[in-house]
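I have placed the structure first, in the form of C-alpha cells, so that the comments after it can refer back to it.
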Amino acid sequence: MKVLNFGSLNVDYVYTVDHILVPGETQSSAQRNVFAGGKGLNQSVALAKAGLPTYHAGQVGNDGDGEMLLRVLDENGVDTSLIQRIDGPCGHTIIQVDKEAQNCILLFGGANRCISAAYRDQVFSHFSAGDVLVLQNEINDLPQIIDQAYEKGMKIVLNPSPFDAYLDQCDWNKIDIFFINEVEGAQISGKTEADDILDWFRANHPGALVVLTLGGAGSCCLKDGEVYRQEIVPVKAVDTTAAGDTFTGFFLKAYLSGQSVSEALALAARASSVTVSRPGAANSIPTLAELHQA
Ligand code: RIB
C-alpha cells in the first residue's frame, strides 16, 4: 500500500503578535519566522514521520521558494519525485500567532492552484487499487482528483479544510475517511455539538469513518455507527499551526497499519500535543521514534 498526498506546499510567514489584528488596526509584530507549510506538505511530513511510505504530488513555482519546500519534504523522508515545478509564484501564507498560541491564516494559492489534467493523469499513472489518497482543500481540481482516485479503486481521505463552497463540487459519497475540526464540522452540518455533527455524518455518509478534532476538548471518531472518544494530552501550547495535520498523519499511520480506532486516536493526540508545544508548521511535527522515547 502506497500513500499519495495530492496537496498544497506553502511558505508560511509567521508573525508573533500580541493579539490577532482587528479591521483597520496596525500592529508591530515582535518576530517573523519563515517555515515550510501548507496543509498538504504538513500532512505528508506527518505521514512520513509516522512511518508510512508517502508520495507527495503538487506544484511549486520558480520564484526561489520551491527548493526549500522540496528540501523539507526530502529531509523528512517524503518521496518528491512526482512534484512538478511551474512558472509563477509558490503558494504562501501570512500567519499571525498571538500570546495564547491561537493563529489566523491568510492563504495565497499560487502554484497550488494551477494543477492541470495532464499532470493529474501523470500522477495517477503511478497508483492503483488499494493505495490511499489524502486530500485537503488548498489545490484546484479537487473534484476531478477524487473521481480519478475512485475510478482506480483507491481509498480516499479528505480533510475539507479550509472549508468553502468549492467542496460542494466534490462527490463526498466517494470519501472513505473524513478529518474535520469542530469549526468545519459546524460549517458542514449546521450543528455545534460534537455528537450532533457526528449524527449528521451518520445520516448523510453512513459508510465513512469520521475523525472530529475538538481543540482542548479532545477528539472523537465515528466508525460503523459507534463513537470513540479521546482526551488531549495537556502541554503548554506555543503554536497550534499544523496540529490538525499531525493528527491526520499519525491517526492514519496507526489505523492503516491495523491498529484500533482507540489506539489511532491516542497516538494522534500524543503526536499533536508535541506539535503545539513547538513553533512552526512541518518542522514542529515529531517522529514516531520521538513519541516512543517520551
Ligand atoms: O494547517 C496549517 C497550514 O495551513 C499552514 O502550514 C499553512 O500553510 C496553511 O495552509
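Note that ligands are numbered from 1 as they come in the structure, with each ligand's atoms numbered from 1 the same way. Numbering of residues begins at 1 and proceeds along the displayed sequence.
Note on ring orientation: taking the six-membered ring where Trp is involved, the planes of Y55 and F127 are perpendicular (angle over 60°, cut-offs 30° and 60°). Relative ring orientation between F178 and H205 is described as tilted, the plane-to-plane angle lying within the 30° to 60° band. Ring planes of F108 and H92: tilted class, angle from 30 to 60°.
Looking only at protein heavy atoms, the nearest one to atom 4 (O) of ligand 1 is K39 NZ, 3.1 Å. The closest protein non-hydrogen atom to atom 6 (O) of ligand 1 is D12 OD2, 2.6 Å. Here the protein heavy atom with the shortest distance to atom 1 (O) of ligand 1 is D245 OD2, 2.8 Å.
Close approach of ligand 1 to G37 (heavy-atom distance below 4.0 Å) involves ligand atoms 6 (O), 8 (O). Listed by number with element, the atoms of ligand 1 under 4.0 angstrom from any heavy atom of N10 are 8 (O), 10 (O). Heavy-atom contacts of E138 reach the following atoms of ligand 1: 4 (O), 9 (C), 10 (O) (cutoff under 4.0 Å). Near A281, meaning under 4.0 Å from any of its heavy atoms, are these atoms of ligand 1: 6 (O).
Under the 3.5 Å distance criterion, the side-chain polar atoms of N76 are left unmatched by any main-chain donor or acceptor of L73.
Under a 4.0 Å heavy-atom criterion, G38 is in contact with ligand 1.
With a 4.0 Å cut-off on non-hydrogen atoms, L41 does not touch ligand 1 at all.
Taking a 6.0 Å sphere around CD of E231, one finds it holds 12 or fewer heavy atoms contributed by other residues, nucleotides or ligands. Counting non-hydrogen atoms of neighbouring residues, nucleotides and ligands closer than 6.0 angstrom, the OH atom of Y150 reaches no more than 12 such neighbours.
Within the set N42, I95, V14, the minimum heavy-atom distance to atom 3 (C) of ligand 1 is found for N42.
Ionic pairing of R71 and E75 is present here: one or more N-O contacts between side-chain nitrogen and carboxylate oxygen are shorter than 4.0 angstrom.
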